Peer 1: 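Just passing along the structure, written as structure tokens.
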Amino acid sequence: MRDRLDNMKELSKAYNPQEHEDTVYQQWESSGFFNPDTCIDKGVTQPDAPYFSLVLPPPNVTGTLHLGHASMLAVEDIMVRYHRMRGYRTLWIPGTDHAALATQEKVERLLWHDEKKTRHDLGRDAFLKRVEQFAQNSHDTIVNQCKKMGASLDWSREAYTLDNKRHEAVYTAFKKMFSDGIIYRGARIVNWDPRFQTTVSDDELERKEERASFYYLKYGPFEIGTARPETKFGDKYIVMHPDDERYADYTHGQVIENIEWINGVISAMVIKDEVVDMNFGTGVMTITPWHDATDFDIAQRHNLDKEQVIDYDGKLLPIAGEFSGMNISDARDKIVAKLRSKGLVARVDENYVHNIAVNSRGEGVIEPQIKEQWFVDVNKEFERNGTKTTLKTLMQNAVRSGDVSVIPSRFEKIYFHWIDNLRDWCISRQIWFGHRVPVWYRNGEVYCDVHPPENDGWVQDPDTLDTWFSSGLWTFSTLGWPSDTPDLQTYHPTSVLETGYDILFFWVARMILMSMYLLDEIPFRATYLHGLVRDEQGRKMSKSLGNVINPLDMNALYGTDAVRLSLVIGSTPGSDLRLGEEKIASFRNFTNKLWNIGRYVMHAVDSETFSQKISVDEIGSVTDDLSDADRWILHKLSRTVSDVSLHIDAFRFSQAGEVLRDFTWNTFADWYVEVHKIEKNDYVLTFVFQTLLRLWHPFMPFVTETLWQSLLGTEHMLMTEQYPNAKKFHSSFGSFETFSFENTVALVSAIRNIRSTYRIAPSELLTVTIATNPNTVIHNDIICRLGRIASVERIGLNDSAPENSASFLSGDLKMHVHLSGVVDFDAERSRLDKEIASVEKYISGLSSRLSGPFAQKAPAHVVAKERESLSDAQSRLSQLVSEHDSLPV
RNA sequence: GGACGAUUGGCUCAGUUGGUUAGAGCAUCUCGUUUACACCGAGAGGGUCGCUGGUUCGAGUCCAGCAUCGUCCACCA
């Protein structure tokens, strides 16, 4: 008790988050309650309770967390804390992603910057040690940042996409897919990044608009168009649409001789293919199958030769003759010059705009190449539960069946469209950092297994796997798969996957693929896609723009709770969020408001009362002692509890927060706390406040935990308290009548309005006369205190109004504020005029509606409601008019 | 070239299945230090919901078209 009182006195006037946050997090963490097993052991959670599980989308170990991560942590922590408080077996698994290419590239850059060395200077093993060191540092930073955000992650289950356990999962998955023929090795056209010297997947491409010269070249009897003359050396097929009448004389397979071309005379074969667009250019084209996906497809269809023109460093091969060995960008002008000198350039369009493919990471221009690589076959048929299916079908079914719901649902269409256009997934990379392909070779033999072959002489495939191959296993590899662990049995499928819509394809789709294929089970029941966090002008936050907001800086300045609220409230799933510092500041103000409500409670209420947990039942048992204000606040509280729960259950976190903020500030603080200063119902005040702390805890865990322990003592922990139960609140308080106190709120507001209109200082105490039925309850004390009224006089409804007063009408009561000496009749008249005009407008609109077809066609209850509104408005109008007329001229 | 999204007071956004006179936060203006809070309190002003049609008794909400902005997808050589 002494401790608590001291604690209370120590509560600073303004909330200072930095004093509390680290201590509170340590307390949570050391309590062990982030781990659902501990919750069960200590009786906080029932062993047979339903589960709620989710995985943290593992941040890349490339650096530090940004506001997007902060927003993800906030939303997920809300769901996790909410379910934990509701008694679910709640598990939230942390982890990090090795992000193969991104991390390797970053370390390579640092290595060059600091030591002017490349990875080849160090060699594979030494370089990988560097990367691991870097990854470890990044990891430590990320873990620290997650904790700073208040994330209640079960650190005892932390995972890493490249650790031993996940390595086993990756190799197991690969082996199964390999033996089922889903994974194959083949020479296919791939996206080659000459700068990073690796392939990248289709999804990692970005299209960039480029203005280029477009050349029309003479090619025998034809004219062909190209923006890339440097690739044309090996072109020996001329392709046209079979229906193109301009070229009807040419037949498929016909060979055209004596074509003068860049390096001499060649012959070309005519190919008819429907892929050619007759309306583009001249309607004929030559093809370069080795360096273009479309051309590759044509060549495949007609079984044509394919020749490599550009090497993997981006230089021309001997086929280019005199240009051999030149970089393609240097060669282009020279090649065009030669074509010109030979008279082969018909014309040039200098303003041709087209899209070039670049690596979304690093922005290096992609050069398509044919290369022997590992692929996941998305169209291969295999048996599943007695029927033939494909990976594409599995992915489609998971969502189409509704087993996996997508929030917001419009992303479903995008998801299906992506699957429809999906090509085989190239999963091998020529980088060093990552899971090495689990395949060994010896004298033409191929060996694939989870463990290396035992006898010597085998050489492992040097390539590593696409980082998303390991991320795709994340929902179950983190739970122990391929072992059949209790965690896997208990927590899979996970309940929700919360992540950014920008990795819908990269990650969400791949997780569905992997889980459906390997486990025959969905990875998660719902996927909630959040938007990107942008700056106030809607720009992406980037270092080069200098508009990056570091979440930890904001935490330090405004408190983590304020940062969390600013990321959650005003944000809708799938839509980007614009965030400025003022928004965070406004939630800092709110945090402080809650803090000060707490200070008031501890200041005004006896510690015996505020240091006990007050239950719904306890309040329910003293119903007879409740005042009108008590009933009003309890009723509103029960509505709030139910709204907040409904919103959270439906993933409407923003609305849940808004409802809570509105209740806390505009209802509880502005009205009930003020009334408490008069009525002093400590139990209800404390009960409502404690309920608010419970309700707010998932959103703003630090300040609520701090306040809770200030009230109840540090041996209590809010995090594991029960969340307010909507049904219970409703059955206890839902039927409470609120009209009486609403009336008082209206009267006080009217007095304040009149004061403001007449510019009467708050220090000046006034008198009011209220005309009403004798049995109407008027809360004199409250009106006097909140309206700064000296005395309330009551008269009958038909008694005449006092002179020199301003009037307010509400239902069947009239209030006259005495304004002796200050009343300005012209001002009062115009005030009434204004209101009369507004009511008249309303009446005319409403009565014309009611006299029209509305009355016949609209549902009866809607009509009845409108009729009631009309009669209310009419009586109000007549009263206003009589007030107006009674004013002295 | 397709698809999707956005367009609501100065700014940032809510608005669930169409149903009172469209809400909030910030900003603005006026007043104010009443011992929880100036990171505050009280009051006020401010929107014909992008445009044009349609459906309906009734449209910010549904439909069609258009405009502007944005995002994603796409094999126009």
Side-chain angles (χ1 to χ4, degrees), chain A residues 11 13-15 207 214 224-228 231 239 275-277 279-282 284-288 292-298 354-355 408 410-411 413-414 417-418 421 501-502 504-505 532 536 538 558 562 569-572 574-580 582-583 585-604 646-647 650 652 654-655 658 661-662 666 669-670 673-674 677 748-749 752-757 759-763 785-786 788 838-839 841-842 845-846 849-850 852-859 861-863 865-866 868-870 873:
Chain A
L11 285 192
K13 204 166 166 184
Y15 174 56
R207 309 270 171 182
F214 191 79
I224 58 159
T226 184
R228 301 200 59 191
T231 65
V239 189
V275 81
V276 175
D277 182 352
N279 299 318
F280 185 82
T282 56
V284 291
M285 64 179 191
T286 61
I287 57 168
T288 313
D292 186 284
T294 312
D295 294 359
F296 178 84
D297 289 344
I298 295 171
H354 68 148
N355 291 321
R410 64 185 149 92
F411 282 95
K413 203 169 172 182
I414 299 173
H417 183 253
W418 177 80
N421 294 301
Y501 66 78
D502 53 328
L504 175 66
F505 308 142
L532 274 45
E536 278 169 297
Y558 301 107
I569 295 181
S571 155
T572 21
S575 302
D576 295 349
L577 174 73
R578 293 187 189 199
L579 185 68
E582 303 96 70
K583 186 175 176 189
S586 81
F587 285 107
R588 184 269 319 266
N589 297 352
F590 176 73
T591 312
N592 192 55
K593 185 75 186 182
L594 188 68
W595 176 258
N596 273 289
I597 297 171
R599 286 182 71 219
Y600 174 78
V601 172
M602 284 184 273
H603 180 259
L646 284 173
H647 286 317
R652 294 188 296 258
S654 175
Q655 286 182 66
E658 281 188 70
R661 177 181 55 184
D662 180 59
N666 303 329
D670 287 351
V673 169
E674 294 307 316
K677 291 172 182 171
V748 170
S749 299
R752 287 168 171 173
N753 180 309
I754 288 165
R755 267 182 185 284
S756 178
T757 308
R759 299 173 178 269
I760 302 164
S763 53
R785 167 107 181 205
L786 301 190
R788 301 200 55 74
S838 132
V839 175
K841 191 179 160 201
Y842 177 60
L846 200 52
R849 262 179 81 195
L850 279 164
F854 170 78
Q856 281 79 50
K857 301 224 176 176
H861 71 276
V862 175
V863 178
K865 214 161 112 189
E866 298 291 47
E868 199 183 318
S869 300
L870 180 62

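Order of the sequence lines fixes the chain letters, A, B, ..., with proteins taken first and strands second; residue numbering starts at 1 for each chain. Nothing here was measured: the structure is a model prediction, and the numbers come from that model.
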Peer 1: With rounding to whole Å, what would you report as the distance between B:U71 and B:U28 at their C1' atoms?
Peer 2: 34 Å
Peer 1: Any strand counts, and the cut-off is 3.5 Å on both contacts for Watson-Crick or G-U wobble. Which nucleotide pairs with B:C72?
Peer 2: B:G2
Peer 1: With both distances kept under 3.5 Å, what pairs with B:G43, Watson-Crick or G-U wobble?
Peer 2: B:C29
Peer 1: Tell me the interatomic distance from A:Arg578, atom CZ, to B:A6, atom P, rounded to whole angstroms.
Peer 2: 14 Å
Peer 1: With both distances kept under 3.5 Å, what pairs with B:A77, Watson-Crick or G-U wobble?
Peer 2: none
Peer 1: Would you give the length of the straight line joining atom CG of A:Leu594 to atom CZ of A:Phe587, rounded to the nearest 0.5 angstrom?
Peer 2: 13.0 Å
Peer 1: Rounding to a whole Å, what distance do you find between A:Leu579:CG and B:C26:C1'?
Peer 2: 13 Å
Peer 1: For atom P, what is the distance between B:G23 and B:G45, given to the nearest Å?
Peer 2: 13 Å
Peer 1: If I compare all heavy atoms of A:Ser575 with all of A:Arg410, which pair ends up nearest, and what's the gap?
Peer 2: OG-NH2, 3.9 Å
Peer 1: Could you let me know what B:U35 is paired to, Watson-Crick or G-U wobble, both distances under 3.5 Å, or none if it's on its own?
Peer 2: none
Peer 1: Sticking with atom C1', work out how far B:U61 lies from B:A42, rounded to a whole angstrom.
Peer 2: 35 Å
Peer 1: What is the distance, to the nearest angstrom, from the CD1 atom on A:Ile569 to the C1' atom on B:G23?
Peer 2: 15 Å
Peer 1: Under a 3.5 Å distance rule, please check whether A:Arg588 uses its side chain to pair with a backbone N or O of A:Ala562 as donor and acceptor.
Peer 2: no
Peer 1: Between B:U20 and B:G46, how far apart are the C1' atoms? Round to whole Å, please.
Peer 2: 22 Å
Peer 1: Please report, rounded to the nearest Å, how far the P atom of B:C11 is from the CG atom of A:Leu577.
Peer 2: 17 Å
Peer 1: Rounded to the nearest 0.5 Å, what separation is found between the CG atom of A:Leu11 and the CE atom of A:Met602?
Peer 2: 4.0 Å
Peer 1: Ignoring hydrogens and angles, state whether a donor on the side chain of A:Tyr558 or A:Asn592 is under 3.5 Å from an acceptor on the partner side chain.
Peer 2: no
Peer 1: Regarding A:Gln655, tell me which of base, sugar-phosphate or nothing describes its non-hydrogen contacts under 4.0 Å with the strands shown.
Peer 2: sugar-phosphate
Peer 1: Measure CZ/A:Arg755 against P/B:G43 and give the value in whole Å, please.
Peer 2: 12 Å
Peer 1: For A:Lys583 and B:A27, what is the distance between atoms NZ and P respectively, to the nearest whole Å?
Peer 2: 14 Å
Peer 1: Answer yes when A:Lys865 and A:Glu868 have at least one side-chain N-carboxylate O distance shorter than 4.0 Å, and no when they do not.
Peer 2: no
Peer 1: Answer with base, sugar-phosphate or nothing: what part of the nucleic acid does A:Gly570 contact at a heavy-atom distance below 4.0 Å?
Peer 2: sugar-phosphate
Peer 1: How many Å lie between CZ on A:Arg759 and P on B:G32, as a whole number?
Peer 2: 10 Å
Peer 1: Is the closest side-chain donor-acceptor distance between A:Ser749 and A:Asn753 under 3.5 Å?
Peer 2: no
Peer 1: Which is true for A:Ser571 with a 4.0 Å heavy-atom rule: it touches a base, it touches only sugar-phosphate, or it touches nothing?
Peer 2: nothing
Peer 1: Without decimals, in angstroms, what is the distance between A:Arg410 CZ and B:G5 P?
Peer 2: 7 Å
Peer 1: Which of the following nucleotides, B:C57, B:G5, B:U20, is nearest to the side chain of A:Lys857?
Peer 2: B:C57
Peer 1: B:U17 and B:C62: how far apart are their C1' atoms, nearest whole angstrom?
Peer 2: 12 Å
Peer 1: Quick check on RNA chain B: between A:Asp576 and A:Val839, whose nearest nucleotide comes earlier from the 5' end?
Peer 2: A:Asp576
Peer 1: Counting only Watson-Crick or G-U wobble pairs whose two distances fall under 3.5 Å, which nucleotide matches B:G9?
Peer 2: none
Peer 1: Between A:Ala227 and A:His354, which heavy-atom pair has the shortest distance, and what is it?
Peer 2: CB-CE1, 4.0 Å
Peer 1: In Watson-Crick or G-U wobble terms, both distances under 3.5 Å, what is the partner of B:G53?
Peer 2: B:C63
Peer 1: Using the P atom in both, what is the distance from B:G60 to B:C51, to the nearest Å?
Peer 2: 11 Å
Peer 1: Under 3.5 Å for both donor-acceptor distances, Watson-Crick or wobble: does B:U16 have a partner, and if so which one?
Peer 2: none
Peer 1: Between the protein and nucleotides 75-77 of chain B, which nitrogen or oxygen pairs come in under 3.5 angstrom?
Peer 2:
| unit_1 | atom_1 | unit_2 | atom_2 | d |
| --- | --- | --- | --- | --- |
| B:C75 | OP2 | A:Arg207 | NH2 | 3.2 |
| B:C75 | O4' | A:Thr294 | OG1 | 2.8 |
| B:C75 | O2' | A:Thr294 | OG1 | 2.9 |
| B:C76 | O2 | A:Asp277 | OD2 | 2.5 |
| B:A77 | OP1 | A:Tyr352 | OH | 3.3 |
| B:A77 | OP2 | A:Tyr352 | OH | 2.1 |
| B:A77 | O5' | A:Tyr352 | OH | 3.3 |
| B:A77 | N6 | A:Asp277 | O | 2.7 |
| B:A77 | N6 | A:Phe280 | O | 3.1 |
| B:A77 | N1 | A:Asp277 | N | 3.1 |

Peer 1: If you compare all heavy atoms of A:Asp277 against all heavy atoms of A:Asn279, which two are closest, and at what distance to 0.1 Å?
Peer 2: OD1-N, 2.9 Å
Peer 1: For B:G5 and B:C76, measure between their C1' atoms and round to the nearest Å.
Peer 2: 27 Å
Peer 1: Would you say that more than 12 heavy atoms from the other residues, nucleotides or ligands in this model lie under 6.0 Å from the NZ of A:Lys677, or not?
Peer 2: yes
Peer 1: Counting N and O atoms only, with roles assigned by atom type, does the side chain of A:Asn596 sit under 3.5 Å from a partner on the main chain of A:Lys13, one being a donor and the other an acceptor?
Peer 2: yes
Peer 1: Work out which heavy atom in A:His647 is nearest to a heavy atom in A:Gln655; give both atom names and the distance.
Peer 2: CE1-OE1, 3.5 Å
Peer 1: Which nucleotides of nucleotides 35-41 of chain B have their base under 4.0 Å from a protein heavy atom (B), which only their sugar-phosphate (S), and which neither (-), written as one string 5' to 3'?
Peer 2: -BBSBSS
Peer 1: Give me the distance, rounded to whole Å, that separates B:C49 from B:U34 when you measure between the P atoms they each carry.
Peer 2: 45 Å
